[in-house]
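Here is the structure we will look at, set down as structure tokens.
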Number of protein chains: 2
Amino acid sequence: MVKSLTDIKEKLLSANLKATHQRLVIYEALLQEMTHPTVEYLFDKVKVNNPTISLGTVHKTLDTLVDAGLVKRVSSTDQTKRFDANLEKHNHIYLENSKEIVDYHDEELQQMVMDYLAKKKFKNIKIKEVQLQINADKLEADSAIEIK
Amino acid sequence: MVKSLTDIKEKLLSANLKATHQRLVIYEALLQEMTHPTVEYLFDKVKVNNPTISLGTVHKTLDTLVDAGLVKRVSSTDQTKRFDANLEKHNHIYLENSKEIVDYHDEELQQMVMDYLAKKKFKNIKIKEVQLQINADKLEADSAIEIK
DNA sequence: GTGACTGCAAACGGTTTGCACCTCA
DNA sequence: TGAGGTGCAAACCGTTTGCAGTCAC
């Protein structure tokens with residue numbers, strides 16, 4: 001899942017983007033994140049090894065990556081932008097008591113819901129994708145979550 | 001679904017909130033909305049008949065209503081707060097091009113997904129509810145959305 | 001009457017913009 | 001070398017805050 005710098009450079013070039021140092025490190029930083037970081041968070045992370053990078057550049061770069069389809073914006077309840085480098089369709093399990101957010105991949109479920117919705121007659125809208133938000137409680141405080 | 005002013009007053013009082021004129025009209029305006037309006041939108045709507053109301057009051061009132069559990073905040077991809085007076089379990093259709101968020105009730109779908117998930121062996125978590133996020137585009141700019 | 005609420009205006013904070021300089025292809 | 005990217009600082013805009021005046025109970 002984690003890509004090498006060469007792979008990332010490849011990705012950028014094939015999206016017709018110049019593979020600048022800033023884009024490389026920002027994209028790399030986002031790929032390493034399992035959570036859905038804010039711009040500020042990525043800025044702080046990247047600044048450690050790239051002290052001259054500017055916050056505006058991080059904003060612009062992330063917007064560029066989203067436009068290029070390399071990265072997604074996720075919706076959130078705070079007013080800050082959050083990003084996700086995981087392009088695979090996946091669902092989120094919100095563990096309310098432990099406040100964790102776990103990814104849940106399930107191709108079959110995805111397909112089942114899409115098929116169901118396709119049969120409904122939705123007028124005037126074109127469905128692009130569905131994402132399930134599962135609210136749950138973790139039963140044993142310190143145990144790992146096992147899915148499937 | 002749309003409540004009378006007396007009902008709304010009742011609601012406010014039973015939540016230990018003073019039933020001020022501003023709260024009444026803001027809550028009423030939100031209850032009438034199907035598309036999860038922003039603060040600005042509600043402000044403009046309410047200002048027509050209440051020209052002296054202030055934007056800050058709309059912000060404070062909506063926060064108060066959320067704290068009291070009368071209203072929900074919905075997550076969105078823009079940076080503005082959006083609200084929902086519908087407390088029933090339901091799914092959201094995010095219309096990406098028009099930036100609207102529309103409710104989608106579907107008991108059958110809800111049940112189908114819950115049944116599917118019940119068959120999976122989730123270790124260590126207890127599923128409480130599922131909510132579907134449907135990303136879509138509106139096909140005709142000024143048309144109403146018709147579902148089912 | 002009093003504590004809570006409103007309206008106003010200033011402050012705040014994340015995002016965007018404009019522009020001179022720089023750099024990748 | 002030139003088109004496009006970066007860094008910086010100012011502008012922007014939705015939200016929050018502080019406070020004097022007002023209102024619901």
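Proteins get letters first, then strands, A, B, ... in listed order; numbering begins at 1 in each. This one's a predicted model, so the numbers in the text were calculated from it and none came from an experiment.
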What's [X] touching, base or sugar-phosphate or nothing? Going by heavy atoms closer than 4.0 Å.
X: B:Lys81; answer: sugar-phosphate
X: A:Asp63; answer: sugar-phosphate
X: B:Thr38; answer: nothing
X: A:Thr64; answer: nothing
X: A:Thr57; answer: base

Between A:His92 and A:His36, how do the two ring planes meet: parallel, tilted or perpendicular, split at 30° and 60°?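 Aromatic pair A:His92/A:His36 classed tilted.
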Measure from the side chain of [X], starting at C-beta and using heavy atoms only, and say which of [options] lies closest.
X: B:Thr80; options: C:dG7, D:dT15, D:dT6; result: D:dT15
X: B:Lys18; options: C:dT15, D:dG7, D:dA24; result: D:dA24
X: B:His59; options: D:dC25, D:dT6, D:dT16; result: D:dT16

Just to confirm, is there a sub-4.0 Å distance from OP1 or OP2 of D:dC23 to any side-chain nitrogen or oxygen of B:Gln22?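 The answer is no; no side-chain N or O of B:Gln22 sits under 4.0 Å from OP1 or OP2.
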Residue-phosphate contact under 4.0 Å: A:Thr20 side-chain N/O, D:dT6 OP1/OP2: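 Indeed, a polar side-chain atom of A:Thr20 lies that close.
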Without decimals, in angstroms, what is the distance between [X] [atom1] and [N] [atom2]?
X: A:His21; N: C:dC24; atom1: NE2; atom2: P; answer: 10 Å
X: A:Asn16; N: D:dA3; atom1: CG; atom2: P; answer: 17 Å
X: B:Leu12; N: C:dA4; atom1: CG; atom2: P; answer: 17 Å
X: A:Ile26; N: D:dG5; atom1: CD1; atom2: C1'; answer: 11 Å
X: B:Ile53; N: D:dT22; atom1: CD1; atom2: P; answer: 17 Å
X: B:Leu55; N: C:dA9; atom1: CG; atom2: P; answer: 13 Å
X: B:Leu42; N: D:dT15; atom1: CG; atom2: C1'; answer: 15 Å

Quick one: on DNA chain D, does B:Arg82 or B:Leu17 contact a more 5' nucleotide (nearest heavy atom)?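 On the 5' side of the pair lies B:Arg82.
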Please tell me which of B:Leu13 and B:Lys60 maps to the more 5' nucleotide of DNA chain D, matching each residue to the nucleotide holding its nearest heavy atom.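 Taking each residue's closest nucleotide, the earlier one in sequence belongs to B:Lys60.
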For B:Leu132 and B:Ile93: C-alpha separation, side-chain torsions, deciding distance, then whether side chain to side chain contact (heavy atoms under 4.5 Å, CB included) applies. CA-CA 8 Å; B:Leu132 205 60; B:Ile93 303 177; over 6 Å; no
Using the closest heavy atom to pick a nucleotide of DNA chain C for each, name whichever of B:Gln79 or B:Thr61 lands nearer the 5' end.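 The residue mapped nearer the 5' terminus is B:Thr61.
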